[in-house]
Amino acid sequence: MKYIPSDIEAKWQKYWDEQKSFEPESGHEKPKKYILSMFPYPSGRIHMGHVRNYAIGDALARYWRKRGVNVLHPIGWDSFGMPAENAAIKHKLHPKKWTYDNIAYMRKELSALGLSFSRSREFATSDPLYTRWEQKFLIELYEKGLLYRESTKVNWCESCHTVLANEQVEEGRCWRCDSEVIQKEMPGYYLDILSYADELLEDLKKLEGKWPQQVLTMQSNWIGRSQGLAFTFELSEASRAKLGGAFEGFEVFTTRPDTIFGVTYAALAPEHPIVKALIEKGALDEETAKRITAIANMSEVERAKQEKEGYPLGIEAIHPLTGQKVPVWTANFVLASYGSGAVMAVPAHDERDYEFATKYDLPIKRVIEGGDLPYTEPGVLVDSGEFSGMKSEEAKAAIIQKMEALGKGEGRVNYRLRNWGISRQRYWGAPIPFIHCPECGLVPEKEENLPVTLPEDVEITGEGNPLESHPTWKETVCPKCGAKAKRETDTMDTFVQSSWYQFRYATDPVKWERTGIDKEDARYWMPVDQYIGGIEHAILHLLYARFFTKALRDLGYHDIDEPFARLLTQGMVLKDGAKMSKSKGNVVDPDALVAKYGADTARLFILFAAPPTQELEWNDSAVEGAHRFLRKLYDRAVKTTPCEALPTIDHGALEKNEKEARKKVYEALKKGEEVYTERFTFNTLIAACMEALNALDKQKNEAVWQEGMWVLLNLLEPIVPHIAWELSDRLFGRENFGIIEPKEEVFVADTIGMGVSVNGKPRAQIEVAPGASKEEILKIAKAAVPKWLEGKTVIKEIVVPGKLVNLVVK
RNA sequence: GCGGACGUGGUGGAAUUGGUAGACACGCCAGACUUAGGAUCUGGUGCCGCAAGGUGUGGAGGUUCAAGUCCUCUCGUCCGCACCA
């Protein structure tokens, strides 16, 4: 009988479909596992990255299912987004049709891989029912003050014609299309992620050891919490007069209040209101004013590349503790977007201030003892009035306290994190359910009118927002007063949808229709026990999803703090050392691979070639190798006699090769436990199975073969399910798909191999009886290496039972 | 610049607590079977050497009876952050 993957795979896929084999049980009594691979964007076809992602998730889901655990392993579609509109422009297809056609096609592709997804919970984020609940959440967040609308400078992508969140700008470029991002003043909706900043940071500790350290570090840096002192620099009287009394002073923030006595100047961002006012009043010479305006128009990224540059503003601020006057400058390195856009400058203890002071010949005053300037380490204060002699930490607290007592400042925490701008000026997204009423202002849509859906008859040109230019869609009435009003035409960032989809899956589909997230279901299934996805989402999606989970908790929808208990970040799939991409022409098509070798080979290779967290280099001949193993497994199984139960074997009566084969089989079984539950290094498990099959091949005992197949097919089922179900069905009626306990007797060896080293160099191999004493082992060891002991004295003997003997000689 | 990860045969990778480095696989070499083979099977394969033996985990030191594993320095690759006061 020949191994024909296509026949076997079609047969079992049909069976699983008909039997609804992978639906979770609705009861909440059994132990559960929620295994989730990040859902795909329906771009048209699946790629190898998907295959890897879902092969890992499927292996875990199938493993737990065999252990009798209630498993939720869902799939869905992150189906709103720009590419659908780009396709509409290019191919004259409606975004909705394009999207749902893609979903249908990709669903087939995934089915062909034999993935054990729950079909009943599949959905797309563009489904109106999903939008309905999402809009409801948004309105509730608004009512709670966690969503607001404001006009401010935003990141605008000229190519995508839309606003981007801070997280979606990478080195000044759009995360999706890589074109340059400009700053533009625009109104938009913001989610107050900042009010969760502390919790988001604090809860990273709970994920320690369960998420990759790298991701935790990235999130922590992104949140960027810093603690310090905020205080107001009052302007001198003359300076106030110069500004026409419009400003009393300006606020600054510092994390080093201990260096406050070292302040020799203050610096404002070029777009600071005081700078603007001075320019408007003509208080600065024309040349300088021009230059400052030019800097203010540069992006932060551009500015970062420039040398430090600044100009004296001709005004003075009063030091809050010494009363001395310090000059106020504007400088290109002061960020308008952080803190209050102004800083106190301590050149002696800050590298940037030092560089600037040196360039413009500003005074430098040391207030911390220590090495060469600029000295940025903490230390003992000098020349700091009543605080001299204190250590930095102590002084920080004392100075904050003093400033608070004087009413001149306060201890404050600042974050690098900004609030999440969710407005997008695009068509193919979830509408933001608000209405602009000339009388009542911003009004949420009534709940019974949800979801606010997209109009179907739109023209998509890539220019402007199609909802804005639609003739009638935005015309509506105010839900409050009934007057004529306009609908909001912004749609939501698609990251909103992926921030809570884990709750959609966790809810029974029938309950979902009626009530949205079900608290009891969420309590049972959440959090996701194992989440699997690419490292590229380390900040964006994973931070948003953590935030949204907490926000929904506080709206009362569930009581989970963190959505993903464990996270595995898979490595990329490469070919010729580069990421697969159409433009490089190095794409390996999963469909073609499945057609040629079958899904099992594709899955086996992708899990065997590298541990899941590492990059995986594609190798066609290694795929052949994986296929060869499956053919061999099939061939040997066909030659094995079927049986109904695990055969009983008298281990003591076996030949050496037979014992060895059993040992390898049960070693593989033990490895399986570890790999499926803790380590996820499927490559080592597959290697162990290969070793076991090789060892079985070296003996002919029928019962040993039966037992070997019984165990190996069980172990391999999560990885190569079709062939495993087929063979197990024929040989054992699938009775072997349960928990198999390792048989300890096979690990009791007649003799144990040990290495003998002399002066640390391996010289010989010996075989000793299992219970041999140290003396006996040494005797055998010495007899094995006469050549190396001749004429020498043994001065030290080290015996590590079962491992090696090391003789130190002189 | 700062932070992190990694560096093992021709290749992908094993080595879980310091204890026989290179499991497993790819490739390659030789042979068997065959009309043929890019099928299958057998054997070999870190490097140098006919061998004995030597040598070997990016490099240099160190700790230890023993180091891929621990420590110090250094080189390289990749990733993240990048004036955040």
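Proteins come first, then strands; the chains are lettered A, B, ... in the order of their sequence lines, and each starts at number 1.
Remark: A:Lys796 is in phosphate contact with B:C65, judged by side-chain N or O atoms under 4.0 Å from OP1 or OP2. Using a 4.0 Å cut-off, some side-chain N or O of A:Arg631 falls inside it from OP1 or OP2 of B:U40.
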Name the pairs: protein N/O against N/O of nucleotides 59-61 of chain B, kept only if under 3.5 Å.
none

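Salt-bridge formation is not detected for the pair A:Lys575/A:Glu615: no Lys NZ or Arg NE/NH1/NH2 atom is positioned less than 4.0 Å from an Asp or Glu carboxylate oxygen. Classification of A:Glu208 and A:Lys205 as a salt-bridged pair fails, no side-chain N sitting under 4.0 Å from a carboxylate O. Salt bridge A:Lys2/A:Asp635: absent, no basic N to carboxylate O contact under 4.0 Å. Between A:Glu309 and A:Lys359 there is no salt bridge, since none of the side-chain N atoms of the basic residue sits less than 4.0 Å from a carboxylate O of the acidic one.
Heavy atoms of A:Arg628 sit under 4.0 angstrom from primed sugar atoms or phosphate atoms, though from no base atom. A:Gln306 comes within contact range of at least one nucleobase, with a heavy-atom separation under 4.0 Å. Residue A:Gly339 is classed as having no contact, given no heavy-atom separation below 4.0 Å to the nucleic acid. Contact annotation for A:Val800: base contact, defined as any heavy-atom pair under 4.0 Å involving a base atom. Residue A:Lys671 is in base contact, counting any heavy-atom pair closer than 4.0 Å across all strands shown. Looking at heavy-atom distances under 4.0 Å, A:Asn221 makes no contact with the nucleic acid at all. Across all strands, A:Thr681 comes closer than 4.0 Å to no nucleic acid atom at all (heavy-atom distances).
For the pair A:Leu542 CG and B:G80 C1', the computed distance is 15 Å after rounding to whole Å. In this structure, OH of A:Tyr338 is placed 14 Å from C1' of B:C81, rounded to the nearest angstrom.
Within 3.5 Å, no donor on the side chain of A:Glu617 pairs with an acceptor on the base of B:U11, nor the reverse. If you check distances only, the side chain of A:Lys632 never reaches the base of B:U40 with a donor-acceptor pair under 3.5 Å.
Nucleotides B:U74 and B:U11 place their C1' atoms 28 Å apart, quoted to the nearest Å.
Distances from the side chain of A:Leu335 to the nucleotides B:A85, B:A23, B:A21 place B:A85 closest. The side chain of A:Thr684 approaches B:A15 more closely than any other nucleotide in the set B:C24, B:A15, B:G53.
A ring-ring contact (aromatic ring centres under 6.0 Å, His included) with A:Tyr360 is found for one member of A:Tyr265, A:Tyr311, A:Trp329 and no other, namely A:Trp329.
Summarising the local packing, CD of A:Glu351 is surrounded by 12 or fewer heavy atoms from other residues, nucleotides or ligands at distances under 6.0 Å.
The ring of A:Phe682 has its center no closer than 6.0 angstrom to the ring center of A:Phe608.
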